[in-house]
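To keep things clear, I will list the structure first and then write my remarks on it.
As the structure lists them, so they are numbered: ligands from 1, and atoms in each ligand from 1.
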Amino acid sequence: MPLRHRTTLTQYLIEERRRFPGSSGDFNALILDVALACKAIARAVAMGELGGMYGDQAADGGKSINVQGETQKKLDVLSNDLFIRMNEWAGHLAGMASEEMDNPYQIPTNFPRGKYMLVFDPLDGSSNIDVNVSVGSIFSILRAPQDVIDSGRDVTEKDFLQPGQKQVAAGYALYGPTTMLVLTVGNGAAGFTLDPNLGEFMLTHPKLQVPVDTQEFAINASNSRFWEAPIKRYVDECLAGKSGARGKDFNMRWIASMVAEAHRILMRGGVFMYPRDNKDPSKAGRLRLLYEANPIGMVMEQAGGRASTGREPMLSVKPDGLHQRIGLVFGSKNEVERIERYHSEPAETENDNPLFAERSLFRV
Ligand code: AHG
Ligand code: MN
Ligand code: MN
């Protein structure tokens, strides 16, 4: 059988780096370390029950709760450790931040410090971990502030509060029937499939493009009573199908693993919504800005899709907290723009709709 040449992740990165002749190679080495962490997590996830890593992480006989107030699974904690161990030693990073750590992680003093910062959700889709449904890891790479690079000082929360458009690179790994890595280094988005025989990520999906139109949407409809008017309107119109304002039927999906959802949308289009709602006034949404919305947003935009809060482009939001939550809408460009339009059209929002006026039918 003739040998089929495929580009490896390493080769892809070297070819991308040729665009920047003066670059040191640190960045490429960092991406390869991130990829190695993802391969290690893929192995742990693939062992399933046999790996002895299903279930909650018990601490002191009780449950271990992360800064989000969520129960940590054993695999959440293992994945977080793998990200740290694979990335702390090489001298590329000034610090790290993760969903599973309350505060920024300082590079230990026995290792050199570098100019990048790594922000990650080590395992996304907690509710699916123990039931053999696809989960993933999400990562975002930022440049450290100049004074951090110059002084080598410890990083603080404030150093990470950069808008998504400042990301140098972002991506995710999806642990599904095959393990895939989707990456953007700011020059489009590309997909790599893990060849389990070689342990290498192979470029299988160059120049990803999200179709601009779609007939598929994803939202957790059990929250519908908490949605704001523009989202209610959008979903109602999708549900009305051919006979409604949209004049076409829509299909719906909800995996409850954002990475799997994002991947489906990258492959065949669609729109994902976890919007701001009024379920819990202390939370501006379900998903987190720095390690969920921004990296997925950058991948989407680099693939010709769009990511938004509903009100403004996701990548221009100025963060105010490491674990800040935000309403997130992403996917096929024309649908996301339509949802943004619904948010900006005053006549169609609660405030101007007589049904939602003070002391009206739908207000108490
Ligand atoms: P995580 O497991 O990292 O906490 O994130 C899970 C997220 C996301 O993957 C998914 O879209 C969402 O939670 C599902 O939320 P619901 O359970 O409310 O549907
Ligand atoms: Mn997550
Ligand atoms: Mn997670």
Side-chain angles (χ1 to χ4, degrees), residues 37-38 41-42 44-45 53-57 63-84 96-102 118-140 170-176 182 216-227 231 235 252-266 270-280 283-297 299-300 307 314 322-331:
C38 294
I41 296 167
V45 168
M53 294 301 289
Y54 275 173
D56 294 347
Q57 173 85 8
K63 279 188 168 177
S64 177
I65 307 285
N66 69 10
V67 65
Q68 327 282 332
E70 295 165 350
T71 304
Q72 286 179 310
K73 304 273 190 174
K74 282 186 199 164
L75 275 170
D76 281 326
V77 176
L78 175 71
S79 303
N80 194 61
D81 288 349
L82 285 167
F83 257 89
I84 290 174
M96 297 185 233
S98 155
E99 176 185 324
E100 303 302 339
M101 298 185 286
D102 301 10
L118 177 63
V119 189
F120 53 94
D121 175 354
L123 206 52
D124 174 71
S126 289
S127 67
N128 296 313
I129 290 174
D130 295 346
V131 295
N132 201 12
V133 169
S134 297
V135 289
S137 301
I138 312 172
F139 57 90
S140 160
Y172 62 79
L174 174 63
Y175 314 119
V182 170
E216 204 161 62
F217 69 101
I219 193 163
N220 182 343
S222 72
N223 292 322
S224 60
R225 68 188 184 284
F226 305 113
W227 293 340
I231 296 293
V235 173
M252 202 201 79
R253 291 283 181 277
W254 189 249
I255 305 172
S257 264
M258 187 185 57
V259 170
E261 230 99 50
H263 193 70
R264 183 191 63 245
I265 288 170
L266 264 183
V271 63
F272 173 97
M273 292 163 280
Y274 215 124
R276 188 180 89 181
D277 60 28
N278 40 50
K279 190 174 186 175
D280 177 351
K283 293 177 185 160
R286 163 85 169 83
L287 298 170
R288 280 62 53 113
L289 175 58
L290 288 181
Y291 41 82
E292 291 177 321
N294 275 345
I296 295 295
V299 169
M300 286 293 148
M314 187 58 67
L322 202 54
H323 301 285
Q324 172 183 355
R325 293 175 191 260
I326 197 142
L328 172 60
V329 177
F330 67 77

[atom] - nearest protein heavy atom and its distance:
atom	result
atom 18 (O) of ligand 1	Tyr274 OH, 2.5 Å
atom 10 (C) of ligand 1	Ala256 O, 3.5 Å
atom 5 (O) of ligand 1	Asp124 OD1, 3.2 Å
atom 2 (O) of ligand 1	Ser126 N, 2.6 Å

- Item | Atom nearest to the Mn ion (ligand 2) - Glu292, N, O or S atoms considered |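 Going through the N, O and S atoms of Glu292 one by one, OE2 ends up nearest to the Mn ion (ligand 2).
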- Before giving the answer on side chain to side chain contact (heavy atoms under 4.5 Å, CB included), spell out for Phe330 and Ile296 the whole-Å C-alpha distance, their side-chain angles and the decisive distance to 0.1 Å. CA-CA 8 Å; Phe330 67 77; Ile296 295 295; 3.8 Å; yes
- Task: Give, for atom CD1 of Ile231 and atom CG of Asp277, the distance between the pair rounded to the nearest 0.5 Å.
- Result: 9.5 Å
- Query: How far does CD of Gln57 sit from CG of Leu75, to the nearest 0.5 angstrom?
  - Reply: 10.0 Å
For ligand 1, which atoms sit closer than 4.0 Å to a heavy atom of [X]?
X	result
Trp254	19 (O)
Glu292	3 (O), 5 (O)
Ser257	9 (O)
Glu70	4 (O)
Arg288	1 (P), 3 (O), 4 (O), 5 (O)
Asp121	3 (O)

- Query: So, does Asp121 use its side chain to make a donor-acceptor pair with the main chain of Tyr291 at under 3.5 Å?
  - Reply: no
- Query: Got a donor-acceptor contact below 3.5 angstrom from the His263 side chain to the Val182 backbone?
  - Reply: no
Check whether any heavy atom of [X] sits under 4.0 Å from an atom of ligand 1.
X	result
Glu261	no
Leu287	yes
Gly125	yes
Asp76	no

Between [Y] and [X], does any NZ, NE, NH1 or NH2 come within less than 4.0 Å of an OD or OE carboxylate oxygen?
X	Y	result
Glu70	Arg286	yes
Lys283	Asp280	yes
Lys74	Asp56	no

- Can you check whether Lys73 reaches Asp130 side chain to side chain, under 4.5 Å on heavy atoms? yes
- Under 2.8 Å from the Mn ion (ligand 3), the protein N, O or S atoms found are Glu99 OE1, Asp121 OD1, Leu123 O
- Do Ser140 and Asn294 get their side chains close enough for a donor-acceptor pair, meaning under 3.5 Å? no
- Item | Flag for Glu99-Gln68: side-chain donor and acceptor within less than 3.5 Å | no
- Please determine if Asn220 has a nitrogen or oxygen closer than 3.5 Å to a nitrogen or oxygen of ligand 1.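 Yes, at least one N or O pair falls under 3.5 Å.
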- Query: Of the listed options (Met258, Glu99, Lys73), which comes nearest to atom 3 (O) of ligand 1 when hydrogens are ignored and any heavy atom counts?
  - Reply: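 Result: the heavy atom closest to atom 3 (O) of ligand 1 is in Glu99.
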- Message: On a heavy-atom basis, I'd like to know which of Glu100, Arg286, Gln68 is closest to atom 17 (O) of ligand 1.
- Response: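 It is Arg286 that holds the nearest heavy atom.
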- Within a radius of less than 6.0 Å around CG of Asn220, do more than 12 heavy atoms belonging to other residues, nucleotides or ligands occur?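 Buried by this count: over 12 neighbours within 6.0 Å.
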